[in-house]
2 protein chains.
Amino acid sequence: MTMAHNEDQFRQEKIAAFRQVCKQYGIKVTPQRLEIFLEVVRSNNHPTAEDVFELVRKKLPTISLDTVYRTLSTLAECGLVAKVYIIQDRTRFDPNVAHHHHLVCVRCKAIADFQWPELDEVPLPPCVETWGRADAKHLQVLGVCAKCLGQREGATQEPHLKR
Amino acid sequence: MTMAHNEDQFRQEKIAAFRQVCKQYGIKVTPQRLEIFLEVVRSNNHPTAEDVFELVRKKLPTISLDTVYRTLSTLAECGLVAKVYIIQDRTRFDPNVAHHHHLVCVRCKAIADFQWPELDEVPLPPCVETWGRADAKHLQVLGVCAKCLGQREGATQEPHLKR
DNA sequence: GTCGTTGCAAAAGTTTTGCACGTTA
DNA sequence: TAACGTGCAAAACTTTTGCAACGAC
């Protein structure tokens, strides 16, 4: 089938890209890493570590959950997959129950509130309508707060992994 | 001092509002609930349950951490405080590492990606500049997906607590 | 007095870590 | 072969729950 052929080609391209990124970051290509990566690529439902574990286990029955956790972190650091929530620590609470948005400092993890009434006026793109009913927009702006900027002038980004 | 007087007045107003909401939801006003509420109101750093526990413990030394967890959930359900992340379950992963936004179904928790290049063009409100350097905008649109809309037509909202 | 709430303890659930063995480059 | 990565087990950490005693209404 043309379809199957295209899918296989897509897969091969992904594998090639995976190998190249691994080389670039100086990490080894293992069957576990490759299968975990391919499973996330194949997914379209934002799987959890547990989900990936269950899927990968079909091909690699001896894989352990902690390998999946470690590998997903590694892949995220290499930019091969993304964590859905960048700042995912503990639940935080806010006395501000009015509609507002968040400024998140990626260095110190401080969260500030801000209002942006104009954003609520802007209509969402048309594709959203086919998805369902949109009720509320919540914007997370990631950046570096003034205090952290002052402390480490110029240090824009941490180096990834070991190189 | 006028300042202190105003602060005390603010506090009294908050307490009055708290009592009214408790009555409205049919939940009891306990010292633990009141102090936890006031501590979140006083905060300006989006405290975690643990943070609140440490603060409240100064006034109520016998309070337990699980009471803080339970109370914060209760207060959030009554709308007296807000959870910073509405969908806070496990970490999820995404093969889409390009910049994109999320549609989150509050019923089935499914997450869909969407692009909105126009949003990235819109300049942030001026107040953000004083906060620091903004690097990326990530929008979470909360709503109900088409599948869930079809399943439970009309059931827009769950009733809060018991009444 | 009744019934909701608390504190304690234990459990549940997710994620991380130490270590010996195995595998990649 | 020298690191690096894996699997196992146990730990760490956040959050939830069962239950008896307590306290608000």
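In this text the structure is predicted, and so the values were computed from the model without any measurement.
Below 30°, between 30° and 60°, or above 60°: for B:His101 and B:Trp116 the angle between ring planes is above 60°, a perpendicular geometry.
Where B:Arg33 and B:Asp66 meet DNA chain C, the nucleotide closest to each residue was compared, and B:Arg33 sits on the side nearer the 5' end.
Relative to the axis of its first five pairs, the axis of the last five pairs of the helix from C:dG1-D:dC25 to C:dA25-D:dT1 sits at 40°, rounded to 10 degrees.
Rounded to a whole Å, the CD atom of A:Glu50 is 16 Å from the P atom of C:dA12. The CD-P distance, from A:Glu77 to D:dG5, rounds to 11 Å in whole Å. Rounded to an integer number of Å, the gap from A:Leu72 CG to C:dT15 P is 10 Å. Taking atom CG of residue A:Leu34 and atom P of nucleotide D:dG5, one finds them 15 Å apart after rounding to whole Å. Taking atom CG of A:Leu60 as the reference point, atom P of D:dG5 lies 17 Å away to the nearest angstrom. Put simply, NZ on B:Lys23 is 17 Å from C1' on C:dG4, counting in whole angstrom units.
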Could you walk me through whether A:His102 and A:His138 satisfy the side chain to side chain donor-acceptor pair (under 3.5 Å) test, starting with their C-alpha distance in whole Å, then the side-chain angles of each, then the deciding distance to 0.1 Å, before giving a yes or no?
CA-CA 8 Å; A:His102 286 124; A:His138 172 224; 2.9 Å; yes
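Distances shown here put every side-chain N or O of B:Gln32 at or beyond 4.0 Å from the OP1 or OP2 atom of D:dG23. Close to C:dT16, at under 4.0 Å from its OP1 or OP2, lies no side-chain N or O of A:Tyr69. Taking side-chain N and O atoms only, A:Ser64 has no distance below 4.0 Å to OP1 or OP2 of D:dT6.
Using a 4.5 Å cut-off between side-chain heavy atoms of Ile, Leu, Val, Met, Phe, Trp and Tyr, B:Leu55 forms no hydrophobic cluster with any other residue.
Residues B:Ile36 and B:Leu75 meet the side-chain proximity criterion, which asks for heavy atoms closer than 4.5 Å. The closest side-chain heavy-atom distance from B:Leu139 to A:Gln140 is not below 4.5 Å.
By the side-chain hydrogen bond (donor to acceptor under 3.5 Å, both in side chains) test, A:Gln32 pairs with no residue at all, sequence neighbours left out.
With hydrogens and angles left out, the side-chain atoms of A:Gln24 and A:Gln20 include no donor and acceptor closer than 3.5 Å. A donor atom on one side chain and an acceptor atom on the other are found under 3.5 Å apart for A:Asp113 and B:His46. In this model, a donor atom of one side chain and an acceptor atom of the other lie less than 3.5 Å apart for B:Thr67 and B:Ser64.
For the atom pair OG1 (A:Thr74) and CD1 (A:Ile27), the distance works out to 6.0 Å, reported to the nearest 0.5 Å.
Listed by first and then second residue, the salt bridge (Lys or Arg N to Asp or Glu O under 4.0 Å) pairs that reach into residues 115-130 of chain A come to none, sequence neighbours excluded.
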Between protein and nucleic acid, restricted to nucleotides 22-25 of chain C and to nitrogen or oxygen atoms under 3.5 Å apart, what atom pairs and distances do you find?
from, atom 1, to, atom 2, distance (Å)
C:dT24, O3', A:Val29, O, 3.3
C:dT24, O2, A:Lys28, NZ, 2.9
C:dA25, OP1, A:Val29, N, 2.9

Protein N or O to nucleotides 19-21 of chain D N or O, pairs below 3.5 Å:
none

